[in-house]
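As the structure is a computational prediction, the values presented were derived from the model and not from experiment. Numbered from 1 within each chain, the chains take letters A, B, ... in sequence-line order.
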Amino acid sequence: MALLTDLLNLDLSGSTDKIIAEYIWIGGSGMDLRSKARTLPGPVSDPSKLPKWNYDGSSTGQAPGEDSEVILYPQAIFKDPFRRGNNILVMCDCYTPAGEPIPTNKRNAAAKIFSNPAVAAEEPWYGIEQEYTLLQKDINWPLGWPVGGFPGPQGPYYCSIGAEKSFGRDIVDSHYKACLFAGINISGINGEVMPGQWEFQVGPSVGISAGDQVWVARYILERITEIAGVVVTFDPKPIPGDWNGAGAHTNYSTESMRKDGGFEVIVAAVEKLKLRHKEHIAAYGEGNERRLTGKHETADIHTFSWGVANRGASIRVGRETEQNGKGYFEDRRPASNMDPYVVTAMIADTTLLWKP
Amino acid sequence: MSLLTDLLNLDLSDCTGKIIAEYIWVGGTGMDVRSKARTLPGPVDDPSKLPNWNFDGSSTGQATGDDSEVILRPQAIFRDPFRKGNNILVKSITSFRQVICDCYSPTGEPIPSNKRYNAERIFSHPDVKAEEPWYGIEQEYTLLQKDTNWPIGWPLGGYPGPQGPYYCAAGADKSYGRDIVDAHYKACLYAGINIGGINAEVMPGQWEFQVGPSVGIAAGDQLWAARYILERITEIAGVVVSFDPKPIPGEWNGAGAHVNYSTKSMRSEGGYELIKKAIKKLEARHMEHIAAYGEGNERRLTGRHETADINTFTWGVANRGASVRVGRDTEKEGKGYFEDRRPSSNMDPYVVTSMIAETTVLCNSNLSNGSK
């Protein structure tokens with residue numbers, strides 16, 4: 001009814017200075033996003049000025065009932081596209097009362113890598129291509145797919161338009177604008193090869209902010225699908241068989257790679273990644289073995305390969321980068337359910353800090 | 001229809017100085033909130049300047065038909081988030097007759113449903129006033145589908161997947177009713193209620209909002225006004241709100257109204273010792289408190305699902321399975337507040353807040369009741 005919308009859209013700036021801050025954190029599975037809101041006396045733009053908070057870790061598999069408090073440390077602020085005004089979203093990470101990061105807190109270790117002087121000096125940039133699939137609520141079958149059956153084979157759907165080819169554009173487009181409003185560096189969107197599957201890209205972001213921005217973009221996406229009555233999945237192979245999986249390709253460059261002669265630096269970095277292929281794969285997302293088969297634009301999970309313009313390789317270098325002799329490369333191995341803190345930090349660690 | 005919305009949203013400030021005041025009171029069950037509206041000649045921000053009113057108590061179980069008028073005495077004003085403008089909500093108490101001691105029946109007994117009057121007596125006791133008691137109340141509630149009274153988001157004739165994914169979650173398969181909760185948050189802020197936050201709860205379709213810190217009697221006024229606003233919003237949304245403490249039996253969390261509490265002494269240096277003393281006093285009066293902490297609480301306080309067993313009093317730091325929980329912050333700083341986790345979602349905040357103050361401030365250590 002109209003009155004509920006009026007209340008949701010109440011502009012409080014005329015009646016109070018108070019703002020609402022939605023604190024967001026990652027739950028016990030490493031992929032479940034949780035959030036709750038609190039009132040603050042006035043606008044805040046600096047995360048270090050926000051109060052720490054706490055939550056019931058026993059309800060998220062992160063603490064026992066007799067010692068249940070987990071502390072939330074605010075790390076990044078974004079504008080709240082749902083409440084608007086001066087209201088904010090706050091990306092947090094989780095600590096014990098004694099100040100130790102809890103086991104599921106991957107941000108803390110990543111932040112340490114990014115503040116290492118050797119890494120900070122190289123100013124690592126990330127562009128993350130987040131793929132995801134939209135499912136019909138209650139039956140968990142992809143959006144637009146006939147119930148009890150399958151759509152026509154892949155081919156017509158990538159970047160397409162039309163009611164028989166494109167399913168869920170409203171969600172994708174509102175997500176795009178909501179992220180721009182929030183201050184997330186969302187650089188684009190496209191319809192994917194499997195019908196009901198989409199992609200957005202976040203970047204270029206420097207260091208730890210890549211992870212913060214991807215997690216908040218994921219949160220905004222799930223809030224929007226909640227509104228739309230649709231389910232979002234980050235499973236890397238939602239439908240077995242001749243249907244594409246979903247990845248989170250991570251584009252990467254350092255200061256040296258972006259300068260003249262950078263192509264050699266890229267080749268050296270890729271060689272280091274090859275030597276640590278198994279370690280990276282282990283950290284690149286659960287269930288990735290169902291996706292990295294060597295078919296459907298992936299490289300086989302056991303084999304490391306790279307090539308220019310090669311979408312069947314583990315690592316792809318763009319033609320432009322080869323031509324200019326400098327630029328960036330794309331690690332195509334991470335699954336859609338990867339943790340961006342883990343993946344971005346590991347790429348920086350292997351290419352900048354690790355010695356073979 | 002757009003014309004109905006246009007009329008509902010009419011801004012009257014250009015054509016008249018008159019305002020609409022919605023008088024709100026608690027009915028005969030102690031949990032049913034009632035209201036009706038009247039026109040006043042102009043804006044009012046002081047409850048003592050509002051006229052007393054009356055209503056038909058025989059229709060709410062608060063009077064008999066032959067002597068049915070019950071007086072409404074305004075106590076607190078909030079801005080009306082539904083009518084906006086200068087229109088107001090007026091939290092009122094009921095009295096049987098307009099006499100000097102008007103909270104008593106003709107035979108001299110205090111009216112049972114006049115909980116606010118009794119609470120005010122406790123809060124105006126000099127010892128209690130000096131301690132400036134603060135309350136933060138965590139009101140849990142469950143949203144039900146209209147007509148079937150099954151929780152929203154739950155499949156008809158069945159159950160959702162077990163608890164785990166729902167606490168503070170987002171997503172169409174985990175979070176049901178956020179529009180109601182978010183509209184309520186803004187509406188309460190608009191109204192001037194000190195709403196501290198909201199979160200989705202462990203059972204799907206269950207939510208919580210917090211009111212506070214409020215001082216003394218204001219805690220009860222604000223919580224009742226917030227409950228009123230919530231039920232008006234669920235009415236708009238076509239959904240039913242339940243404050244039952246255990247709406248679904250079995251492996252599903254109940255709904256509580258945890259009360260966070262501190263006094264001036266507890267908030268000052270050395271306060272932690274006073275907190276421990278206060279908790280001991282609460283322990284000695286455990287059964288009296290439990291009796292006043294809400295109907296049906298025995299279905300909820302089982303010792304499981306983050307509750308303490310109803311027959312046992314326990315307390316602990318960060319312990320959500322205890323009757324009283326002290327936060328780690330308070331333990332570390334040696335001062336702060338504690339959380340009484342026993343009250344159920346259908347408790348009367350006037351009763352609970354004043355009882356905690358009475359037991360911890362007025363009762364002395366060998367537990368005779370100092371307030372009589």
Side-chain angles (χ1 to χ4, degrees), chain A residues 1-12 14-16 18 20-21 23-25 27-29 32-39 52-56 58-61 63 65-69 71 82-83 97-98 135 137-138 140 219-232, chain B residues 1-2 4-5 8-9 79 81-82 84 155 163-176 178-187 189-192 194-202 208 210 232-233 236-238 253 306 316-322 325 327-329 331-332:
Chain A
M1 253 166 110
L3 220 42
L4 198 62
T5 318
D6 293 336
L7 293 172
L8 279 167
N9 291 335
L10 263 176
D11 177 8
L12 295 167
S15 33
T16 176
K18 291 179 178 177
I20 303 171
Y23 281 51
I24 302 167
W25 72 96
S29 75
D32 54 316
L33 279 161
R34 310 277 181 158
S35 77
K36 55 174 181 161
R38 69 184 294 180
T39 310
K52 293 191 168 94
W53 204 7
N54 64 79
Y55 69 94
D56 173 12
S58 68
S59 289
T60 58
E66 344 50 272
D67 192 4
S68 59
E69 281 176 30
I71 315 301
F82 307 100
R83 297 194 179 101
L135 306 176
K137 193 165 98 79
D138 298 337
N140 284 350
Y219 173 81
I220 291 173
L221 179 59
E222 189 152 39
R223 284 287 305 272
I224 289 174
T225 54
E226 180 187 311
I227 292 170
V230 154
V231 170
V232 59
Chain B
M1 266 167 96
S2 62
L4 200 61
T5 317
L8 278 168
N9 290 336
R79 295 174 63 200
F82 306 99
K84 301 195 276 286
Q163 296 184 152
Y166 312 108
Y167 171 76
C168 297
D173 51 345
K174 287 168 288 206
S175 175
Y176 311 112
R178 189 188 298 273
D179 266 6
I180 290 166
V181 185
D182 271 354
H184 179 250
Y185 200 166
K186 279 197 173 179
L189 281 172
Y190 179 94
N194 197 1
I195 182 164
I198 56 136
N199 63 269
E201 268 302 331
V202 176
E208 168 180 319
Q210 306 97 30
R232 284 287 304 275
I233 289 174
I236 292 170
N253 272 30
E306 302 176 278
V317 177
N319 187 347
R320 276 177 161 81
R325 163 175 156 261
R328 287 232 171 264
D329 265 358
E331 181 193 41
K332 217 158 57 172

Under 4.5 Å from any heavy atom of chain B - which part of [X]:
{"X": "A/V232", "answer": "neither"}
{"X": "A/D32", "answer": "neither"}
{"X": "A/L12", "answer": "side chain"}
{"X": "A/N140", "answer": "neither"}
{"X": "A/S58", "answer": "side chain"}
{"X": "A/F82", "answer": "neither"}

Pick from [options]: which one has the most heavy-atom pairs with chain B under 4.5 Å?
{"options": "A/A37, A/S15, A/G229", "value": "A/A37"}
{"options": "A/T16, A/I20, A/T225, A/L33", "value": "A/I20"}
{"options": "A/V231, A/D67, A/D56", "value": "A/D56"}

Chain A interface, residue from [options] that has the most non-hydrogen pairs under 4.5 Å:
{"options": "B/H184, B/Q210, B/R325", "value": "B/R325"}
{"options": "B/P165, B/P155, B/A200, B/G171", "value": "B/G171"}
{"options": "B/I233, B/L189, B/V317", "value": "B/L189"}
{"options": "B/E208, B/K174, B/R328", "value": "B/R328"}
{"options": "B/D173, B/V202, B/I180, B/N194", "value": "B/D173"}
{"options": "B/D329, B/N253, B/N319, B/N199", "value": "B/N319"}

* To do: Please determine if B/D182 and A/R223 form a salt bridge, counting it only when a charged side-chain N lies under 4.0 Å from a carboxylate O.
  =>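 A salt bridge links B/D182 with A/R223.
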* Side chain / backbone / both / neither for B/Y166 at chain A, heavy atoms under 4.5 Å ->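 When you check distances to chain A, only backbone atoms of B/Y166 fall under 4.5 Å.
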From [atom1] ([X]) to [atom2] ([Y]), nearest 0.5 Å:
{"X": "A/Y55", "Y": "A/R34", "atom1": "OH", "atom2": "CZ", "answer": "8.5 Å"}
{"X": "B/Y190", "Y": "A/D11", "atom1": "OH", "atom2": "CG", "answer": "11.0 Å"}
{"X": "B/D179", "Y": "A/T5", "atom1": "CG", "atom2": "OG1", "answer": "7.5 Å"}
{"X": "A/S59", "Y": "B/Q163", "atom1": "OG", "atom2": "CD", "answer": "8.5 Å"}
{"X": "A/K18", "Y": "A/T39", "atom1": "NZ", "atom2": "OG1", "answer": "6.5 Å"}

* Donor-acceptor under 3.5 Å (A/S68 side chain, B/A318 main chain) ->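 Yes, because the side chain of A/S68 sits within donor-acceptor range (under 3.5 Å) of the backbone of B/A318.
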* Without swapping roles, check the side chain of B/R79 against the backbone of B/G192 for a donor-acceptor pair under 3.5 Å. =>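 It does not hold such a pair.
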* Residues which pass side chain to side chain contact (heavy atoms under 4.5 Å, CB included) with B/A191, listed by chain and number, not counting sequence neighbours ->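 Testing B/A191 for side chain to side chain contact (heavy atoms under 4.5 Å, CB included), a comparison that skips the adjacent residues, returns B/F78, B/P81, B/I193, B/I229.
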* To do: Report the residues that fulfil side chain to side chain donor-acceptor pair (under 3.5 Å) with A/E226, sequence neighbours left out, ordered by chain and then residue number.
  =>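 Per chain and number, A/E226 pairs via side chain to side chain donor-acceptor pair (under 3.5 Å) with B/S175, B/R178.
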